[in-house]
Amino acid sequence: MSGPKGPNRPDAESLASVGLSCPVPTGEGDRILLGHGSGGKLSAALIRDRFLPRFSNPALAVLGDGAEVVLGTERMAISTDTFVVSPLEFPGGDIGLLAVHGTLNDVAMMGAEPVCLSTGFVLEEGLSLTLLDRVLESMADAARQAGVPIVTGDTKVVERGKADGMFINTTGVGRLRDDFRPAPDQASPGDVVLVSGPIGRHGIAVMAVREGLGFDVDVESDTAHLGPLVESLRAACGQHVRALRDPTRGGVASALNEIAAASGVAISLDGGAIPVPVPVAAACEVLGLDPLYVANEGVLVAVVAAEAADSAIQSLRAHPAGAESIQIGEVKDRPAGMVTLRTGLGGSRVVDMLPGDQLPRIC
Amino acid sequence: MMKFLSEYRDPELATALVSRIRALSTRPWTLMEVCGGQTHTIVKQGILDVLGDSVEMIHGPGCPVCVTPLEQIDRALHLAGRPEVIFTSFGDMLRVPGSDCDLFQVRAQGGEVQVVYSPLDALELARANPDREVVFFAVGFETTAPANAMAVWQARELGIKNFSVLVSHVTVPPAMTAILESSDNRVQGFLAAGHVCTVMGWSEYEPIADRYQVPIVVTGFEPVDILEGIWMAVKQLEEGRAQVENQYARSVRRDGNRQARDIVSQVFELVDRQWRGIGEIPMSGLGLRDEFAAWDAEQKFDLHGIRATEPAECRAGDVLRGRIKPIECAAFGKACTPENPLGAPMVSSEGACAAYWSYARYREGGGGGEESAEQSTEVRS
């Protein structure tokens, strides 16, 4: 991405006349910005322009939550994710829990049955071993509950200041099934859009701790393994399940935009139906954020055939993490590639991909 | 808190107000909502859709991010790039394009830029980092002025010398007057900004309503507030009245907030101020009084040599004055998008151009037909 164009930079002579040399970079767009990690348009452009052309292959080109590879007669799913959350522990979880849930969820969204996990750690010199122990316990518990072993791993240590406590990578391998193949490009007009629970909890819980907001935000991260929910969906609806996403960074809005773009359909949301917990809504009001773009770690969005909507919702509600599952919209043919939202007043608006991170508003 | 909000978002109440506005208007009236927060609600809630032809809303210049002049942005970028400086700002100033780059890019180059939620957080940062210079970007209308004034006041009281503010404060009434004075003005009534009036009250609007014979309704920010404000303004127009009325009575009193006004006038004085896209408006800004010069970043770092001219293809000035709708600008969606904004109204979520981009784009593109699909392809390419 190139930066903003400006033919009229502060002229060098006027700067020199007051003894200043302008430290403003002139080589625009030549560095990684934080926004490149936001899951929005900058992230998409980074991958499209720099990674894809160089790593090009058919499995990668699908750009799903993970890749499909064939080993002998078996189709396998493989997905990798790296976790860099700050603070390392937050209300409702820690980085270890996220590292296991996040990757298992990506495998689950492909419709695969998880087989095993690997993990890699970058540890910062000076990290508390007690804290490391707590994170490892979290990972072990989460893996045990999911019934998925962590079968290999790696650790590296870097000098103090070179990493934010610890970074964790996990890779998950799963077995794909022939009769259950949800994918982002499978949504078609007439389908309905479901969400498995209240949105925005993880992002707001982390932000409340990290930013020191100065007011109490009574909300915990929703981090959860979504595999059991997907398994219920499969049992109840099978091939009627078109697309599954876990809307992590970039939130529900970005996940639905990806589905709309991949399937070449429009997604129309009912603004009043989207479940936003009161503390999340309140924190978003104060900060000037939109909950549709806030990260989740224990919520899935599902596009299912209309005739399967009721049984899909019932099957999700059988799980604690899916108890508040609800329909939030439907798939239409136009405007293709876009997500729109009907407001309570009967008006409508576009729910776009964000260029980068959401920015708190001035007033 | 949400209980209070949901009352002002009640769809039934809002729909009833829309019917009343439509029934009341005998002709299409043209109103301006002054504040960017109101623009945000109007577009986000689809209020333009439901009003139909009864009222045309022009989006006013009340977005602090949008009207902060390019020169001040360049000065901010310069400061943020200095090794001794920790530059602090409200979040949505970070993506505002300067002549060459934005604060995000300066941060990627190694400049220390921090988002704060209050100027007092920046002051605290200065206290915690005595070997660094902490600069706060003090932008905004009368709404943010009291807290910013308080930070400077406290810096002096506490003897904190490594704190300063880069000031680009503006005030609402001179901008309204400038709009009314312009030869091609179409605005027949105003929704004044509720938050600004919470601080300042509304008595200063009475001479404007009187002199230019325009209704001015102090209005809140929720859908029901805005629709009621529109209804009150239309009622005045239909009855041939031009008065200042207060829709936002739960927050605004005629004299505003005395304590807040006092601290503002103790720390700041009225100065001439450049508005991005509009130019200089006399006595339309707030600058630090001489006795606070030691906390004025422009003087401390001698920034007067940094000058800038705005890109000619950006028609932000015409948008901010209500002369064109964002979608009528040739650069809209082509040379100018939220990823690559030419001007500030495309940056802030309160900016008229960004609001159109995010929320209203496909309507304008033909009501959701083929044209809009093409538009969206363009967006993603």
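Residue numbers start from 1 in every chain, and the chains themselves are labelled A, B, ... in the order their sequence lines are given, proteins ahead of strands.
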Worksheet item: Under 3.5 Å, is there a donor-acceptor pair between the side chain of A:R349 and the main chain of B:G46?
Response: no

Any non-hydrogen side-chain atom of [X] less than 4.5 Å from a side-chain atom of [Y]?
X: A:D30; Y: B:Q109; value: yes
X: A:T343; Y: B:K44; value: no
X: B:Y117; Y: A:V286; value: no

Worksheet, complete the sentence: Closest non-hydrogen atoms of A:G347 and B:V50, given as atom of the first, atom of the second and distance, are N-CG1, 4.2 Å

Worksheet item: Between B:P11 and A:G344, which heavy-atom pair has the shortest distance, and what is it?
Response: CB-O, 3.3 Å

Fill in: chain A contact via B:R75 - which portion, at a heavy-atom distance below 4.5 Å
neither

Worksheet item: With A:E258, which residues qualify under salt bridge (Lys or Arg N to Asp or Glu O under 4.0 Å), at least two apart?
Response: A:R245

At what distance, to the nearest 0.5 angstrom, does [atom1] of [X] lie from [atom2] of [Y]?
X: A:L33; Y: B:L103; atom1: CG; atom2: CG; value: 11.5 Å
X: B:F104; Y: A:L42; atom1: CZ; atom2: CG; value: 9.0 Å
X: A:E285; Y: B:E222; atom1: CD; atom2: CD; value: 6.0 Å

Discussion item. Which residue is it: B:V18, B:L227, B:D49? I am looking for the one with a side chain to side chain contact (heavy atoms under 4.5 Å, CB included) to A:L345.
Written reply: B:L227

